[in-house]
Amino acid sequence: MANDRNMARALLDRQGRTYAEEAGISLADRPGPLYQLLVLTTLLSTRIRAGVALAAARELFAAGFRTPQAMEAASWQDRVDALGRGHYRRYDERTATMLGTGARLCRERWHGDLRRMHREADGDRTALRRLLIEFPGIGPTGADIFLREAQTVWPDVRPYADRRTLAGARQLGLPANPGGLADLVGEADFGRLASALVRVALGEESAGEVSRTAAAR
């Protein structure tokens, strides 16, 4: 267990930011940041490099599209242009449409506040996944992304470890189950650990380098 905790700490030292943080989202249990996470999730759900999705999210937010009202009010071309500035080109037109449709759904069904969706699910993660999948462009993988990040501000979702998180854990020889991983870090750090493990699974972080960092501690 001590070795596993040392490995987890080494990984956090190297890759301690969530994807939301890297996109410039100060995630909190408030309507604006939660909607921004939904936008990021939509971008990450396509078959495109995570770095491109993050850059595109930053461009959308820099353009002022930080709320469902602003995203829906923006023209389709404005959304396409912002995605293009982030080099999100292969799926830019389709994604611009989905972002507009998703913004309208968020505004009309949840009054622009995804905390209402959270309350409706009443602690049932399966219900949360089902509600998230209703947004255009967000399938099971996207629901995993959203919940993996949202667990930092929605404690009832913790510990949430999707298949990519567990794949990263296996590469590092860590427990490949949510409970075992949760034992390695404090509650406040679990979301960061989950994101870091995804980076290992996607090849954004080297398992060998993490192991060497842990051995040198």
Side-chain angles (χ1 to χ4, degrees), residues 17-46 53-54 56-58 60-61 64-74 79 95 97-166 177-179 181-183 185-198:
R17 290 198 299 172
T18 64
Y19 284 96
E21 288 172 328
E22 192 170 346
I25 302 169
S26 297
L27 196 57
D29 191 23
R30 299 196 308 271
L34 290 171
Y35 173 70
Q36 291 156 32
L37 176 58
L38 184 72
V39 170
L40 176 61
T41 297
T42 304
L43 299 176
L44 286 168
S45 294
T46 59
L54 290 162
R58 289 191 291 267
L60 287 165
F61 302 150
F65 310 150
R66 290 180 166 270
T67 67
Q69 293 84 358
M71 185 69 80
E72 186 180 7
R79 294 193 292 267
T95 301
T97 299
M98 291 191 300
L99 288 171
T101 304
R104 184 166 62 252
L105 174 61
C106 182
R107 185 179 56 78
E108 291 179 351
R109 180 163 184 181
W110 307 112
H111 303 278
D113 187 350
L114 293 176
R115 294 177 301 181
R116 292 173 178 261
M117 179 185 71
H118 185 204
R119 287 195 294 269
E120 181 169 311
D122 194 25
D124 185 338
R125 291 192 291 186
T126 300
L128 262 177
R129 284 174 56 84
R130 184 176 65 250
L131 293 170
L132 284 163
I133 289 170
E134 292 181 13
F135 284 96
I138 296 181
T141 296
D144 282 339
I145 293 168
F146 187 95
L147 294 176
R148 190 180 69 224
E149 297 278 318
Q151 68 182 320
T152 62
V153 295
W154 287 350
D156 58 323
V157 174
R158 266 193 320 260
Y160 196 89
D162 63 341
R163 61 181 180 82
R164 285 180 175 168
T165 299
L166 299 180
N177 62 83
L181 290 173
D183 288 338
V185 295
E187 287 188 4
D189 284 335
F190 188 81
R192 294 170 57 229
L193 177 65
S195 292
L197 287 169
V198 169

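Predicted model, so just to flag it, every value in this text is computed and none were measured. Both backbone and side-chain heavy atoms feed into the values below; hydrogens, waters and symmetry mates do not.
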Applying side chain to side chain donor-acceptor pair (under 3.5 Å), can you list everything that pairs with [X], at least two apart in sequence or on another chain?
X	value
Arg104	none
Arg115	Asp113
Trp154	Asp29, His118
Glu72	Arg107

Quick one: does any side-chain atom of Arg79 pair with a main-chain N or O of Met71 as donor and acceptor, under 3.5 Å?
yes

Check for a donor-acceptor pair, side chain of Thr42 on one end and backbone N or O of Leu38 on the other, with a separation under 3.5 Å.
yes

Could you walk me through whether Leu166 and Leu197 pass the side chain to side chain contact (heavy atoms under 4.5 Å, CB included) check?
CA-CA 7 Å; Leu166 299 180; Leu197 287 169; over 6 Å; no

Quick one: list whatever passes side chain to side chain contact (heavy atoms under 4.5 Å, CB included) with [X], sequence neighbours left out.
X	answer
Arg192	Leu12, Thr18, Asp189
Asp124	Thr126, Ala127
Arg109	Leu105, Glu120, Leu131, Glu134
Ala70	Thr67

Closest non-hydrogen contact found for Thr165 with Val198 is OG1-CG2, 3.5 Å

Taking only residues two or more places apart in sequence, or in another chain, which ones meet Arg158 in a salt bridge (charged side-chain N to carboxylate O under 4.0 Å, His left out)?
Glu187

Side-chain donor-acceptor contacts of residues 140-150 below 3.5 Å, not counting sequence neighbours, with atom names and distances?
from	atom 1	to	atom 2	distance (Å)
Asp144	OD1	Arg129	NH1	2.4
Asp144	OD1	Tyr160	OH	2.5
Arg148	NH1	Asp162	OD2	2.8
Glu149	OE1	Tyr19	N	3.4
Glu149	OE1	Ala20	N	2.9
Glu149	OE2	Tyr19	N	3.3
Glu149	OE2	Ser195	OG	2.7

